[in-house]
Visitor: 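Would you mind keeping the following structure in view while I ask a few things?
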Amino acid sequence: MRITVIGCGYLGATHATAMAELGHEVLGMEIDPDKRAALSEGQVPMYEPHLAEMLRKNVDSGALRFTDSYAETAAFGDLHFVCVGTPQAAESLAADVSQVENAISGLAPHLDRPALVVGKSTVPVGTAERMSARLAELAPAGGEAMLAWNPEFLREGFAVQDTLHPDRIVIGVQDGRAEKLLRDFYAPMIDDGAPVVITDYATAELVKVAANAFLATKISFINAMAEVCEATGADVVDLADAIGYDERIGRRFLNAGIGFGGGCLPKDIRAFVHRAGELGVEDAMTFLRHVDDVNQRQRERVVHIAKAMVGGDLSGARIGVWGAAFKPDSDDVRDSPALWISGQLHLSGARVRVYDPRASTTAAQSFPTLTYADSAIEACRDADLVLHLTEWPEFLEITPADLEGVVSRPVLFDGRNVLDLDSWRSAGWTTRALGRR
Ligand code: UGA
């Protein structure tokens, strides 16, 4: 099919590339000239495993190209995926949906034949209904310009895999024609066993924020447990393993640590609370405020722990940090707990040296005053304390012997609960983690 993808950031660039890979002809609409130029040359403006090779291949073959013209976009295909961002608004907890509104308003006046616009962006419930009305009003094709809402569940670091092999396909529609078109479009995934949920707009929109709210709640639950474990001498990893064997609970997303970050979970739960307030059901969502508070407290606790581990005075303390990205296999530092902690320590007078295998450049853009090292070992040179904050695989391979003669004091904090602290202790290191014995 000939399809278009409006907004070629994380979600859009991945969707456009993966759909070209599946054999569709794809036109990406991107208004940012730098991003568009990079994509047109086959370059991905962020780090995502496997995406760059796939993008280049499909750009080279001509299956995927990019434009900044809505007229060209409307003329190119009959299925238009809206993948623009919905960041947190500047002055409230709400999601800023202006990019979605602009995409619909930009495309609609050019839709002069039947077309299906498919929203994939994460939006406050009620947005699709409004956008559907706007589409019908502005499109010359009138009611023949339809809207469907089809949320995306891809994870950074696994974006290509999640797009090509989704664990479910959720489609919010107003009539059977849109459903049929999307069922045909997603036939390879459906034949592959992906379950399909056909529902209304509001449910489709809510599924996405409810999923992220549940994941965030799971993480804050285990982090709250970590604090209780610390007060009682219990061990949160054993606890998570034990409750995780219960299939109703499940072990995934029960890794206690410095908390969740990124461009999705934090902003989505805040936007959800805000929207619940507008809908008059704020009380039902109060627990999400606590989820956010627990998450924020984890970061603050690490700053206090670091202070204690350097002897009570951060001023002038040398701290080596492993990790800046909000999670491994990503160069994304949006709302990254690792970078937040590094920044706070720096502002408290510590001399912080950060190393991240992929995110040093993005981190330096948002936090230029920190020092960035070229290797994990260099980050620890003369350090009084080493903080492990993002669980990149290469950090697990570092041994106490690698840091012999490098650090000034053998003191290690594991903020992700994945290092083998017994082996560090046996080598004479003082260690601490969150919720661990
Ligand atoms: C999240 C969801 O997992 C995706 O399903 C969703 O599509 C996406 O948001 C989105 O809305 O676009 P992502 O932001 O890529 O995906 O990251 P996650 O893998 O969910 O991790 C989020 C944060 O939670 C990371 O900072 C991670 O370190 C942290 N985390 C995760 C924990 O602290 N403990 C865990 O057990 C799991």
Side-chain angles (χ1 to χ4, degrees), residues 7 9-15 46-49 51 83-88 95 120-123 150-163 165-170 205-226 236-237 239-241 243-244 249-272 291-292 294-299 302 323-341 356 359 388-392 414-418 433-435:
Y10 223 105
L11 168 58
T14 308
H15 189 66
M46 67 270 178
Y47 174 68
E48 178 61 42
L51 186 57
C83 295
V84 293
T86 52
Q88 189 171 323
K120 289 190 86 64
S121 308
T122 303
V123 291
N150 168 220
E152 178 59 55
F153 304 101
L154 65 79
R155 298 159 296 166
E156 293 189 18
F158 300 90
V160 172
Q161 184 194 323
D162 287 352
T163 305
H165 306 284
D167 55 11
R168 77 280 211 191
I169 297 171
V170 177
E205 293 168 312
L206 274 175
V207 166
K208 174 61 196 256
V209 282
N212 277 0
F214 192 85
L215 295 172
T217 304
K218 228 177 154 182
I219 298 167
S220 277
F221 171 83
I222 202 66
N223 283 334
M225 287 300 142
V236 75
V237 176
L239 180 125
D241 288 345
I243 62 173
I249 296 172
R251 180 63 177 83
R252 295 176 73 188
F253 269 68
L254 279 184
N255 295 322
I258 62 174
F260 58 81
C264 304
L265 260 48
K267 77 116 171 125
D268 285 354
I269 60 168
R270 290 174 198 146
F272 199 8
V291 167
D292 202 7
V294 170
N295 195 50
Q296 184 58 32
R297 199 168 62 238
Q298 285 303 92
R299 302 174 182 198
V302 176
F326 84 106
K327 69 174 193 181
D329 275 324
S330 170
D331 64 358
D332 195 343
V333 296
R334 285 177 295 170
D335 210 344
S336 166
L339 200 54
W340 190 95
I341 291 163
D356 189 288
H388 171 244
L389 300 183
T390 309
E391 70 278 34
W392 286 92
D414 181 10
R416 293 293 183 177
N417 285 343
V418 291
L434 292 166

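These figures come from a predicted structure and were not determined experimentally. Each ligand, and each atom within it, is numbered from 1 in the order the structure gives.
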Visitor: Considering only non-hydrogen protein atoms, determine which one is nearest to atom 16 (O) of ligand 1 and report residue, atom name and distance to 0.1 Å.
Guide: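 The closest one turns out to be Arg155 CA, 4.0 Å.
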
Visitor: Identify, for atom 34 (N) of ligand 1, the protein heavy atom at the shortest distance, and state residue, atom and that distance.
Guide: Asn255 O, 3.0 Å

Visitor: For residues Gly250 and Lys218, report the shortest heavy-atom separation together with the two atoms involved.
Guide: O-NZ, 3.3 Å

Visitor: Tell me which protein heavy atom sits closest to atom 26 (O) of ligand 1, plus the residue, atom name and distance to 0.1 Å.
Guide: Phe326 O, 2.8 Å

Visitor: Specify the closest pair of heavy atoms between Trp392 and Asp356, including all atoms of both residues, with the distance to one decimal.
Guide: NE1-OD2, 3.0 Å

Visitor: Identify the two heavy atoms, one from Gly9 and one from Met46, that lie closest to each other, and give their separation to 0.1 Å.
Guide: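 Taking Gly9 first and Met46 second, the nearest heavy atoms are O-CE, 4.1 Å.
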
Visitor: Determine whether Phe221 and Ile249 make a side-chain contact, defined as any pair of heavy atoms from C-beta on separated by less than 4.5 Å.
Guide: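 A side-chain contact under 4.5 Å is absent here.
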
Visitor: To check your reading of the model: name the closest protein heavy atom to atom 2 (C) of ligand 1, its residue, and the distance in Å.
Guide: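 Ranked first by proximity to atom 2 (C) of ligand 1 is Asn212 OD1, 3.5 Å.
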
Visitor: May I ask you to list the atoms of ligand 1 that are less than 4.0 angstrom from any heavy atom of Glu156?
Guide: 15 (O)

Visitor: May I ask whether Arg252 places a heavy atom under 4.0 Å from ligand 1?
Guide: no

Visitor: What atoms in ligand 1 come closer than 4.0 Å to a heavy atom of Leu265?
Guide: 1 (C), 9 (O), 22 (C)

Visitor: Determine whether Ile269 and Asn212 make a side-chain contact, defined as any pair of heavy atoms from C-beta on separated by less than 4.5 Å.
Guide: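 No; the side chains remain at least 4.5 Å from each other.
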
Visitor: Quick check: closest heavy atoms across Val333 and Ala359, and the distance to 0.1 Å?
Guide: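 Between these two residues, the closest heavy atoms are CG1-CB, 4.0 Å.
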
Visitor: Does the side chain of Thr163 come within less than 4.5 Å of His15's, by heavy atoms?
Guide: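 The answer is yes, as the side chains (C-beta and beyond) meet within the 4.5 Å cut-off.
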
Visitor: Please indicate whether any nitrogen or oxygen in Phe153 is less than 3.5 Å from any nitrogen or oxygen in ligand 1.
Guide: yes

Visitor: Got an N/O contact under 3.5 Å between Lys327 and ligand 1?
Guide: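 Between Lys327 and ligand 1 (N or O atoms, distance only) the closest approach is under 3.5 Å.
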
Visitor: If we set the cut-off at 4.0 Å for heavy atoms, which region of Leu254 has an atom near ligand 1: side chain, backbone, both, or neither?
Guide: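 Under 4.0 Å from ligand 1, Leu254 contributes backbone atoms alone.
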
Visitor: With side chains defined as the heavy atoms from C-beta onward, is the minimum distance between Asn255 and Ile222 less than 4.5 Å?
Guide: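 Side chain of Asn255 against side chain of Ile222, heavy atoms only: no contact under 4.5 Å found.
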
Visitor: Among all protein heavy atoms, pick the one closest to atom 8 (C) of ligand 1 and tell me residue, atom and distance.
Guide: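 Answer for atom 8 (C) of ligand 1: Leu154 O, 3.4 Å.
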
Visitor: According to salt bridge (charged side-chain N to carboxylate O under 4.0 Å, His left out), does anything in residues 250-268 pair up with another residue at least two apart or in another chain? List the pairs.
Guide: Asp241-Arg251

Visitor: Identify, by atom number and element, the atoms of ligand 1 in contact range of Glu152, meaning under 4.0 Å from any of its heavy atoms.
Guide: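 Taking each heavy atom of Glu152 in turn, ligand 1 has 7 (O) under 4.0 Å.
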
Visitor: For ligand 1, which atoms, with element, lie under 4.0 Å from some heavy atom of Arg416?
Guide: 28 (O), 33 (O)

Visitor: What do you reckon, does Lys208 put a non-hydrogen atom under 4.0 Å from ligand 1?
Guide: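 So Lys208 counts as touching ligand 1.
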
Visitor: Side-chain contact, heavy-atom cut-off 4.5 Å: Thr14 with Leu51?
Guide: yes

Visitor: If I take atom CD from residue Gln298 and atom CH2 from residue Trp340, how far apart are they, to the nearest 0.5 angstrom?
Guide: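 With rounding to 0.5 Å, CD (Gln298) is 11.5 Å from CH2 (Trp340).
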
Visitor: For ligand 1 and Phe260, I'd like to know whether there is a polar contact (N/O to N/O, distance under 3.5 Å).
Guide: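 N/O-N/O distance under 3.5 Å: no.
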
Visitor: Can you check salt bridge (charged side-chain N to carboxylate O under 4.0 Å, His left out) on Asp329 and Arg155, steps first, answer last?
Guide: CA-CA 11 Å; Asp329 275 324; Arg155 298 159 296 166; over 6 Å; no

Visitor: Heavy atoms only, cut-off 4.0 Å: how does Leu215 contact ligand 1, side chain, backbone, both, or neither?
Guide: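 For Leu215, the contact with ligand 1 is made by the side chain alone.
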
Visitor: May I ask you to identify the nearest protein heavy atom to atom 30 (N) of ligand 1, giving residue, atom name and distance to one decimal place in Å?
Guide: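 Minimum-distance protein heavy atom for atom 30 (N) of ligand 1 reads Ile219 CD1, 3.4 Å.
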
Visitor: Would you mind listing which atoms of ligand 1 come within a distance below 4.0 Å of any non-hydrogen atom of Cys264?
Guide: 8 (C), 9 (O), 10 (C), 11 (O), 12 (O), 14 (O)

Visitor: Does the residue Gly259 have a heavy-atom contact with ligand 1, meaning some pair of atoms that are separated by less than 4.0 Å?
Guide: yes

Visitor: In the protein, what heavy atom is nearest to atom 20 (O) of ligand 1, and what distance, to one decimal place, separates them?
Guide: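 Nearest protein contact, heavy atoms only, for atom 20 (O) of ligand 1 is Phe253 CZ, 3.3 Å.
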
